[in-house]
S.K.: 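Below is one structure. I have some questions about it.
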Protein chains: 2
Amino acid sequence: MASLEFSFPSISFFKALSDESRLKIVGALAANERSVEELATLLDLRAPTVSHHLAKLKEVGLVDMRSEGTTHIYHLVMSEVRSLAKRVLSLDSMETFTEDVVPDAWERKILGDFFDGQRLKEIPASRKKREVVLRWLVERFNAGKRYTEKEVNAIIGKHHPDFATLRRELICAKLLARESGIYWRT
Amino acid sequence: MASLEFSFPSISFFKALSDESRLKIVGALAANERSVEELATLLDLRAPTVSHHLAKLKEVGLVDMRSEGTTHIYHLVMSEVRSLAKRVLSLDSMETFTEDVVPDAWERKILGDFFDGQRLKEIPASRKKREVVLRWLVERFNAGKRYTEKEVNAIIGKHHPDFATLRRELICAKLLARESGIYWRT
DNA sequence: CATCTAATTAGATATATATCAAAATAATAG
DNA sequence: CTATTATTTTGATATATATCTAATTAGATG
């Protein structure tokens, strides 16, 4: 069944609870175990509809069923409710929602857009994009080394003619520091 | 906008997180605030699509936005994440999912189906339905009073000829108790 | 003011899914 | 074995919605 195959474990949990009827079913089962017919009466739905919803809830382990004759009696699986809930809650688990996303796709796109090999075609107008370019530029400097302004200009100048603006931006973004004419990486 | 009007507060929360793209957005924002374009690049979607999802997340208060020029920078509202999550997780809150459901719809349906006025048309075969009828029957007895078997048979007999079976069932369901020929409500 | 860029809105489309009626299955009672 | 009852499965349908392109809006820049 296709609906079982999600990229993240959490999404099936949210999907299972993102329907009003299923939420009502969970609510009804929180108070008491109930048969399909009973739930159908309570929610004013036909039995096949309820059966369909129960199947989805069962798929993610939120409910389970026991037979009594032809009657199927469903109940909440509270341990699963709690464990899923906990997993979903923390910020840590949220960060895993993007596990399969390439984390520097943005940076690579910007650098690809604005650079022609080593040459910066244009200084980005938007602050966020400019920052990406500046972070790339500052990598052209050695971490421990100290530079004169002339040396800084030369290095930046290899990538773009307006070295003065870029030098100022690097200081402003606190990527380079300056004291009495001497520059270094922060 | 129609999607704002749900019967329960919780369902909008689940709906907001029941889409893979929106979960990824939340994940990306958990690590860092980001612009629409940046999110679009990260998730490999067009900007309008991301904008659409951000609007939904904003609707339920999970994210908020600040402008920087024409750039809109979105961030998670963690307090809202936590408060919504907490509200949603407890068993108590689950029972409120059925607030608008008539709680004894089932019992009334069964009684309507099986009774013709005071007369029980038939003893339900299924245990769950039989239990409803038995609970109605036991109400015909006074809570403090003690009855001989003859009296018990007479009372049950007013509603159905097979008083012996029903009397046995009442004992079995622990609705009536018996000791040395004397019966009383439990 | 004209232009550019980022974001949003509008409109279109395709997919997903909630619901129901009818048919099939399963368990029990006679 | 046949009939009955509770549930599930199937098939059909209508609604919801995720996504895209094109058009519009809103700031910023020259």
Side-chain angles (χ1 to χ4, degrees), chain A residues 1-6 11-12 15-25 34-41 43-59 65-74 106 109-110 113-114 122-130 165, chain B residues 1-6 11-12 14-25 34-41 43-59 63 65-74 106 109-110 113-114 122-130 165:
Chain A
M1 200 175 293
S3 54
L4 272 171
E5 306 158 29
F6 292 111
I11 195 165
S12 56
K15 271 197 186 310
L17 294 176
S18 70
D19 174 84
E20 183 161 332
S21 296
R22 280 195 293 275
L23 219 42
K24 284 184 184 172
I25 288 174
R34 295 181 200 273
S35 71
V36 176
E37 197 188 347
E38 188 172 354
L39 287 168
T41 308
L43 307 200
D44 194 26
L45 292 171
R46 302 308 115 218
T49 306
V50 172
S51 192
H52 159 79
H53 287 310
L54 286 168
K56 293 206 161 188
L57 291 171
K58 196 147 171 285
E59 222 173 76
M65 185 264 280
R66 106 188 120 79
S67 291
E68 193 170 286
T70 65
T71 306
H72 292 187
I73 298 178
Y74 284 83
W106 164 255
K109 177 182 184 297
I110 300 304
D113 285 355
F114 283 88
E122 176 188 4
I123 302 176
S126 108
R127 189 188 62 79
K128 279 193 88 73
K129 292 181 182 176
R130 208 161 52 239
T165 297
Chain B
M1 199 176 294
S3 54
L4 271 171
E5 305 160 31
F6 292 110
I11 194 165
S12 57
F14 287 118
K15 271 197 187 308
L17 294 176
S18 69
D19 174 83
E20 182 161 331
S21 296
R22 281 196 292 274
L23 265 191
K24 285 184 183 170
I25 288 174
R34 295 181 200 273
S35 70
V36 175
E37 196 188 349
E38 188 172 355
L39 287 168
T41 309
L43 306 200
D44 193 28
L45 293 170
R46 302 309 115 217
T49 305
V50 172
S51 193
H52 158 80
H53 287 310
L54 286 167
K56 293 206 161 188
L57 291 170
K58 196 148 170 285
E59 222 173 77
V63 308
M65 185 264 280
R66 107 188 119 80
S67 291
E68 193 170 285
T70 65
T71 306
H72 291 187
I73 299 177
Y74 284 83
W106 164 255
K109 177 182 184 299
I110 299 307
D113 285 354
F114 283 89
E122 176 188 4
I123 301 177
S126 107
R127 190 189 61 79
K128 278 196 89 72
K129 292 180 181 177
R130 207 160 54 239
T165 297

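Order of the sequence lines fixes the chain letters, A, B, ..., with proteins taken first and strands second; residue numbering starts at 1 for each chain. Side-chain atoms are counted along with the backbone in the values below, which use heavy atoms only and exclude waters and symmetry mates.
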S.K.: If you measure from NZ on B:Lys24 to CG on B:Leu39, what distance do you get to the nearest 0.5 Å?
M.R.: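 Rounded to the nearest 0.5 Å, the NZ-CG separation comes out at 12.5 Å.
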
S.K.: Rounding to an integer number of Å, can you tell me how far A:Arg130 CZ sits from D:dT29 C1'?
M.R.: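 The distance from CZ of A:Arg130 to C1' of D:dT29 comes to 13 Å, rounded to the nearest Å.
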
S.K.: For nucleotides 8-15 of chain C, which of its nitrogen or oxygen atoms have a protein nitrogen or oxygen under 3.5 Å away, and what is each distance?
M.R.:
{"from": "C:dT8", "atom 1": "OP1", "to": "B:His72", "atom 2": "ND1", "distance (Å)": "3.2"}
{"from": "C:dT8", "atom 1": "OP1", "to": "B:Tyr74", "atom 2": "OH", "distance (Å)": "2.5"}
{"from": "C:dT8", "atom 1": "OP2", "to": "B:Ser51", "atom 2": "OG", "distance (Å)": "2.6"}
{"from": "C:dT8", "atom 1": "O5'", "to": "B:Ser51", "atom 2": "OG", "distance (Å)": "3.2"}

S.K.: Please report the distance, rounded to the nearest Å, between NZ in A:Lys58 and C1' in D:dT8.
M.R.: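 In whole Å, D:dT8 C1' and A:Lys58 NZ are 12 Å from each other.
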
S.K.: What are the two closest non-hydrogen atoms of A:Leu23 and A:Leu17, and how far apart are they?
M.R.: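 Closest approach of A:Leu23 to A:Leu17, heavy atoms only: CD1-O, 3.7 Å.
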
S.K.: Can any side-chain N or O of B:Arg22 pair as donor or acceptor with the backbone N or O of B:Ala16 at less than 3.5 Å?
M.R.: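 Side chain of B:Arg22 to backbone of B:Ala16: a pair is present.
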
S.K.: Take atom CD of A:Glu68 and atom C1' of D:dT7, then tell me their distance rounded to the nearest Å.
M.R.: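 Rounding to the nearest Å, CD of A:Glu68 and C1' of D:dT7 are 14 Å apart.
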
S.K.: Kindly compute the distance separating NZ (A:Lys15) from OG (A:Ser12), expressed to the nearest 0.5 Å.
M.R.: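 Answer rounded to 0.5 Å: 9.5 Å.
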
S.K.: Whole Å only: how far is the CD1 atom of A:Ile73 from the P atom of C:dA27?
M.R.: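 Distance, rounded to whole Å: 15 Å.
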
S.K.: When you measure from the side chain of B:Lys15, which nucleotide among D:dT7, C:dA7, D:dT17 comes out closest?
M.R.: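 Shortest atom-to-atom distance from the side chain points to D:dT17.
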
S.K.: Assuming nearest nucleotide by heavy-atom distance, tell me which of A:Ala125 and A:Asp19 is located more 5' along DNA chain C.
M.R.: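 So the residue in question is A:Ala125.
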
S.K.: Within this structure, what is the CZ-to-P distance between B:Arg22 and C:dA16, rounded to whole angstrom?
M.R.: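 Roughly 15 Å, once rounded to whole Å.
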
S.K.: Counting the atoms with a prime plus P, OP1 and OP2 as sugar-phosphate, which does B:Thr49 contact under 4.0 Å by heavy atoms, base, sugar-phosphate, or nothing?
M.R.: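 If one applies the 4.0 Å heavy-atom cut-off, B:Thr49 turns out to touch a base.
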
S.K.: Does A:Ser67 have a side-chain nitrogen or oxygen under 4.0 Å from the phosphate oxygens OP1 or OP2 of C:dA26?
M.R.: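 Looking at the OP1 and OP2 atoms of C:dA26, neither is under 4.0 Å from any side-chain N or O of A:Ser67.
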
S.K.: Are there more than 12 heavy atoms of other residues, nucleotides or ligands under 6.0 Å from atom NZ of B:Lys128?
M.R.: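 Atom NZ in B:Lys128 is packed in, count exceeds 12.
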
S.K.: Between C:dT19, D:dA18, D:dC20, which one does the side chain of A:His53 approach most closely?
M.R.: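 Looking only at side-chain atoms, A:His53 lies closest to C:dT19.
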
S.K.: Would you say A:Tyr74 and A:Arg34 make side-chain contact, with heavy atoms under 4.5 Å?
M.R.: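 A side-chain contact under 4.5 Å is absent here.
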
S.K.: Using a heavy-atom cut-off of under 4.0 Å over every strand shown, decide if A:Ser126 touches base, sugar-phosphate, or nothing.
M.R.: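 The residue A:Ser126 makes no contact with any strand.
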
S.K.: Could you give me the CA-CA distance, side-chain angles and deciding distance for B:Arg127 and A:Thr71, then say whether side chain to side chain contact (heavy atoms under 4.5 Å, CB included) is met?
M.R.: CA-CA 9 Å; B:Arg127 190 189 61 79; A:Thr71 306; over 6 Å; no

S.K.: C:dA7, C:dC20, D:dG27: which one has an atom nearest the side-chain heavy atoms of A:Arg46?
M.R.: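 From the listed options, C:dC20 comes nearest.
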
S.K.: Would you indicate, yes or no, if D:dT5 has its OP1 or OP2 atom less than 4.0 angstrom from a side-chain nitrogen or oxygen of B:Lys129?
M.R.: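 Checking B:Lys129 against D:dT5: no side-chain N or O falls below 4.0 Å of OP1 or OP2.
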
S.K.: Tell me: CD1 of A:Ile11 to C1' of D:dA18, nearest whole Å?
M.R.: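 To the nearest whole Å, that distance equals 12 Å.
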
S.K.: For A:Leu23 and C:dA18, give me the distance from atom CG to atom C1', rounded to whole Å.
M.R.: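 Atom-to-atom, A:Leu23 to C:dA18, this comes out as 15 Å.
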
S.K.: Give every donor-acceptor pair under 3.5 Å between a side-chain atom in residues 43-52 of chain A and any protein atom, sequence neighbours left out.
M.R.:
none

S.K.: Classify A:Arg127 by what it touches in the nucleic acid, base, sugar-phosphate, or nothing, heavy-atom distance under 4.0 Å.
M.R.: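 A:Arg127: no heavy atom of the nucleic acid under 4.0 Å.
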
S.K.: Can you tell me how far P of D:dA6 sits from CZ of A:Arg34, to the nearest Å?
M.R.: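 The distance from CZ of A:Arg34 to P of D:dA6 comes to 17 Å, rounded to the nearest Å.
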
S.K.: Any idea which of C:dA26, D:dA18, C:dA18 is nearest the A:Thr70 side chain?
M.R.: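 The answer is C:dA26.
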
S.K.: Between C:dA6 and A:Lys128, is there an OP1 or OP2 to side-chain N/O distance shorter than 4.0 Å?
M.R.: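 Looking at the OP1 and OP2 atoms of C:dA6, neither is under 4.0 Å from any side-chain N or O of A:Lys128.
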
